[in-house]
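Accompanying notes for the structure given below.
Heavy-atom basis, side chains included; hydrogens, waters and symmetry copies ignored. First listed ligand is number 1; within each ligand, the first listed atom is number 1.
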Amino acid sequence: MDKLIVTNFKMNLSKEEVLEYKKIVENSDIKNLIISPSNIYLDLMSSNKYDLCAQNGYYEDFGTHTGEVSFKQLKSLGVKYSLIGHSETRNMSNEDIPLKLKACINNGIVPILCVGNDINEKDTSKLFCILDKELKILSGLKINDIIIAYEPTWAIGTGVTPSLENIKSVHTYIKNVLSKVYNIKCKVIYGGSVDMSNIKEICSIEEVDGVLIGSSSLNPNNLLKMYNKIK
Ligand code: PGA
């Protein structure tokens, strides 16, 4: 199966840079690509070469929420996916994550739910308990399509990644829980310091359906080189 590449530009790149990015990607042979620019560039980045993903959204459809953008509004731009619960967007309580998940689903946007926060790889006894707790927000929701991103907070932007055994066992665990407990078949992707040096070995794990790439995806030529390593 072809692996999915999801980029996360975070709060980076200017209007000129995203337009240049789009041009380079459109002239390449890359497939299975999802791009998450800053929300302000989503419309500009629209292309039939890849799908668009929002980095976040607000759970109400409309209303008095200055500075927010709703999933309904994102959908009207042709956005197909949204990151939900990325560790850089979580607030202290995380109470809004189930609301965002619901709003995404109601508006026909596929959530890319980030889990794995605060998991310390060495503390394996706690690892599956934390995942169980994080995945509990799926109960009671009618989900047809979802992607789970395993993103241990300590691996984001640090240049450090979990061992391949850890990635494999967590992906297997998530897939099992989703199919047995929630009756959901889903893709599970890995995120956190994915770069040119490790993308190939991470994607060689059968259970890994793709990768979520932050800083290494900011340069389109790097992105294409990484794609060439796994295609
Ligand atoms: P990174 O970010 O690739 O820069 O570690 C990944 C993410 O935060 O999604």
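The aromatic rings of Y190 and H171 are tilted relative to each other, their planes meeting at an angle between 30° and 60°.
Annotation: G157 places an N or O atom under 3.5 Å from an N or O atom of ligand 1; distance criterion only. Residue K10 has at least one nitrogen or oxygen atom sitting less than 3.5 Å from a nitrogen or oxygen atom of ligand 1, judged on distance alone. Not one N or O of T158 is nearer than 3.5 Å to an N or O of ligand 1, by distance alone.
Nearest to atom 9 (O) of ligand 1 by heavy-atom distance, out of Q55, E88, E151, is E151.
For ligand 1, the atoms sitting less than 4.0 Å from at least one non-hydrogen atom of S215 are 1 (P), 3 (O), 4 (O), numbered in the order shown with element in parentheses. Contact atoms of ligand 1 toward G192: 5 (O) (distance under 4.0 Å to a heavy atom of the residue). Counting the atoms of ligand 1 from 1 in the order shown, those under 4.0 Å from a heavy atom of G214 are 1 (P), 2 (O), 3 (O), 4 (O), 6 (C). Within the listing of ligand 1, atoms 9 (O) sit less than 4.0 angstrom from a heavy atom of L212.
Here Y21 and F9 bring their ring centres to under 6.0 angstrom of each other.
A 4.5 Å side-chain heavy-atom check between I147 and L4 finds at least one atom pair inside the cut-off.
Taking OH of Y59 as the start and CD1 of I97 as the end, the distance is 12.0 Å to the nearest 0.5 Å. The NZ atom of K23 lies 13.5 Å from the OG atom of S47; values are rounded to the nearest 0.5 Å. Here the NZ-CZ distance, from K100 to F71, works out to 6.0 Å after rounding to the nearest 0.5 Å.
For E151 and H86, the side-chain atoms include at least one donor-acceptor pair closer than 3.5 Å.
Remark: distances from the non-hydrogen atoms of S193 to ligand 1 include one below 4.0 Å.
Residue I156 touches ligand 1 through backbone and side chain together, judged by heavy-atom distances below 4.0 Å.
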